[in-house]
Amino acid sequence: MSTTTAISPPEVKLTKNLINGEWCDAAGGGTFETFNPATGEPIARVAEGAKEDVEQAVGAARQALESGPWSKMSARDRGKCLYKLADLVDQNAARLAALEVLNNGKPVMEVQHADVPLVAETFRYFAGWADKITGDTIPVDRTMGNFFCYTRREPVGVCGQIIPWNFPMLMAAWKWGPALACGNTIVLKPAEQTPLTALAMGELAMEAGFPPGVINIVNGFGETAGDALVRHPGVDKIAFTGEYKTAQIINRNAADTLKRTTFELGGKSPSVVFADADLDQAVRGAMTGIFFNQGEVCCAGSRLFVEESIHDEFVDKFKTAAEKRRLGDPFDPKTHQGAQVSQEQFDKVLKYVDIGKNEDGATCVTGGERFGDKGWFVKPTIFTGVRNDMRIAQEEIFGPVVSVLKFSEMGDVIKQANMTMYGLAAAVWTQDITKAFAIADGVRAGTVWVNCYNTFDPAAPFGGYKFSGHGRENGKAALEAYSEIKTVWVNLGKR
Ligand code: NAI
Ligand code: MG
């Protein structure tokens with residue numbers, strides 16, 4: 001891994017909505033405050049979009065889809081815009097990283113090594129797809145006539161994309177990449193907690209040559225701006241990442257206009273550590289699994305099943321490693337863990353710590369309290385003595401809090417691993433290939449990691465079973481969610 005370089009807090013320039021290539025105040029003139037999670041202090045006021053702004057943005061996106069230069073642009077040129085955007089992300093990496101640190105509270109170490117490079121690679125990966133999205137020729141029954149039958153892949157249309165605050169830039173890239181490769185137009189609604197980096201990417205997208213109206217960004221709250229997007233008859237598809245309860249509301253509200261929906265939701269992902277595992281590797285994996293990004297990760301390894309015979313030794317090593325994590329100023333390149341994104345999330349995490357200690361009766365072996373006296377930092381927290389039916393083992397905490405559970409038998413651990421409403425990810429640590437495959441086969445989850453955790457690549461599909469969502473992001477699979485298949489029958493006349 002290359003070294004992390006120091007960056008200073010950035011200047012915040014962009015705070016308006018991006019509609020039809022113009023930076024606009026909200027139609028109603030309102031603004032809302034965005035905060036620095038590391039200090040709890042306000043950073044800037046951002047245009048508060050709502051129904052009227054969504055109306056304008058959808059109008060611009062519709063026009064760009066149907067009659068602007070985008071509608072006539074070749075697939076290869078769409079790809080070139082995406083390649084250019086990837087290059088611009090690389091060229092502006094330091095500035096984007098600084099904005100992301102300021103806005104989200106995550107440490108620069110992670111932003112420089114994960115978020116920013118993955119954003120660039122996501123655009124590059126989908127750039128490559130743009131001119132390779134093809135249809136088929138279909139061997140239809142010739143007894144009916146002399147037909148030539150083929151399929152085309154066409155854009156779904158105007159895509160409403162509603163994203164969360166945990167990976168603000170990367171979630172936008174996962175949504176923009178496949179949508180743009182397929183020729184769609186976009187109205188993005190960033191999370192109200194973290195609007196700043198999406199706006200910076202909007203500026204780069206214009207520089208990259210995406211015509212006005214192809215990418216629109218409306219800031220604001222879920223219940224207003226987000227909801228208007230979900231209900232708008234001019235929006236063909238909603239792609240959403242966030243809480244399953246929000247997805248349920250969105251699915252209901254999108255039903256009247258029968259929109260296509262894809263959902264990437266939460267998790268309570270099981271990690272299984274067998275006694276034969278390389279323990280140090282398993283501890284490192286468990287650390288990444290739960291503490292990466294302050295635990296604000298949909299696929300966080302929040303339920304850690306450890307084989308009984310190594311339980312105590314594992315917990316000792318895990319606790320020691322957790323206590324070595326450096327928390328603090330996320331701009332400091334030596335910081336491992338930054339702040340939770342908001343007061344609300346900070347309160348939620350500490351509420352679950354309290355539930356774990358007092359309602360569930362689990363044992364908190366380390367952490368379990370705030371770090372420092374300003375900002376929204378929570379110490380890495382490990383609970384042992386957890387049963388799978390406890391609330392801390394079943395409900396998504398979305399913070400640096402892990403439940404350790406004991407197991408002694410393969411069939412039982414698979415059963416327990418699956419006893420969750422979620423199905424986003426799972427992991428297994430073992431040297432025994434048979435055990436590894438048994439977990440990979442037996443666990444109902446969209447991603448299974450064997451002797452690793454949180455490895456991502458834009459080419460590898462990502463998404464959930466059960467309440468973790470439907471549809472897949474990344475990989476070829478993502479293109480399916482952003483294209484319609486048109487079947488064309490041509491009567492070639494008499495043979
Ligand atoms: P949320 O699901 O409410 O918010 C995500 C996005 O949806 C935001 O842009 C928000 O403005 C928008 N939204 C909210 N209500 C909406 C509505 N009625 N119509 C349209 N859009 C709407 O998540 P929130 O409240 O920020 O976090 C709550 C919990 O959700 C977290 O504690 C965590 O457990 C989970 N979560 C999961 C994420 C994941 O990646 N799977 C990401 C963020 C949160
Ligand atoms: Mg919410």
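The residues of the chain are indexed from 1 along the displayed sequence. Indexing begins at 1, ligand by ligand and atom by atom, following the structure's order.
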Element-labelled atoms of ligand 1 that are located less than 4.0 Å from some non-hydrogen atom of [X]:
X: Thr241; value: 5 (C), 40 (O)
X: Gln345; value: 27 (O), 28 (C), 31 (C), 32 (O)
X: Asp227; value: 19 (N), 20 (C)
X: Lys348; value: 29 (C), 31 (C), 32 (O), 33 (C), 34 (O)
X: Cys298; value: 39 (C), 40 (O), 41 (N)
X: Leu265; value: 41 (N)
X: Ile162; value: 6 (C), 7 (O), 9 (O), 12 (C), 20 (C), 21 (N)
X: Gly266; value: 41 (N)

**Q.** Phe35 CZ to Leu102 CG distance, which is reported to the nearest 0.5 Å
**A.** 12.5 Å
Q.
Once you restrict to heavy atoms under 4.0 Å, what part of Glu296 touches ligand 1? Side chain, backbone, both or neither.
A.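 Neither; no heavy atom under 4.0 Å.
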I need the nearest protein heavy-atom contact for [atom]: residue, atom name and distance, please.
atom: atom 34 (O) of ligand 1; result: Glu396 OE1, 2.7 Å
atom: atom 7 (O) of ligand 1; result: Phe240 CE1, 3.1 Å
atom: atom 28 (C) of ligand 1; result: Glu243 OE1, 3.6 Å
atom: atom 38 (C) of ligand 1; result: Phe398 CZ, 3.3 Å
atom: atom 24 (P) of ligand 1; result: Trp165 NE1, 3.9 Å
atom: atom 43 (C) of ligand 1; result: Pro164 CB, 3.5 Å
atom: atom 21 (N) of ligand 1; result: Gly222 O, 3.6 Å
atom: atom 10 (C) of ligand 1; result: Glu192 OE1, 3.5 Å

Do [X] and [Y] get their side chains close enough for a donor-acceptor pair, meaning under 3.5 Å?
X: Trp376; Y: Gln345; result: no
X: Glu100; Y: Thr197; result: yes
X: Thr366; Y: Glu323; result: yes

(Q) Can you confirm if the NZ or CZ of Lys406 lies within 45° of the ring axis of Phe305 and under 6.0 Å from the centre of its six-membered ring? (A)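 Ring-cation test returns no.
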Q: Could you pull out the closest heavy-atom pair between Ala27 and Asp53, with the gap in Å?
A: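 Closest pair (atom of Ala27, atom of Asp53, distance): N-OD1, 2.6 Å.
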Q | Closest non-hydrogen atom pair between Tyr465 and Ala445, with its separation | A |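 Of all heavy-atom pairs spanning Tyr465 and Ala445, the closest is CE1-O, 3.5 Å.
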Q. Do ligand 1 and Ile163 have nitrogen or oxygen atoms that lie under 3.5 Å from each other?
A.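 Min N/O separation from ligand 1 is below 3.5 Å for Ile163.
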Q: Using distance alone, determine whether Thr246 and ligand 1 share an N or O pair under 3.5 Å.
A: yes
Q. Hey, is the main chain of Asp329 close enough, under 3.5 Å, to the side chain of Thr335 for a donor-acceptor pair?
A. yes
Q) Does Met171 offer a backbone N or O that forms a donor-acceptor pair with the side chain of Glu473 under 3.5 Å? A) no
Q. Excluding sequence neighbours, so at least two apart, what forms ring-ring contact (aromatic ring centres under 6.0 Å, His included) with Phe318?
A.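 Checked Phe318 against ring-ring contact (aromatic ring centres under 6.0 Å, His included); matches are Phe314.
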Q | Salt-bridge criterion met for Lys348 and Glu344 (N-O under 4.0 Å) | A | no
Q. Considering all protein heavy atoms, does one lie under 4.0 Å from atom 4 (O) of ligand 1?
A.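 So far as the 4.0 Å threshold goes, atom 4 (O) of ligand 1 is out of reach of every protein heavy atom.
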Q) What orientation do Tyr453 and Trp429 show, parallel under 30°, tilted 30 to 60°, or perpendicular over 60°? A)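 Rings of Tyr453 and Trp429: parallel, as their planes differ by under 30°.
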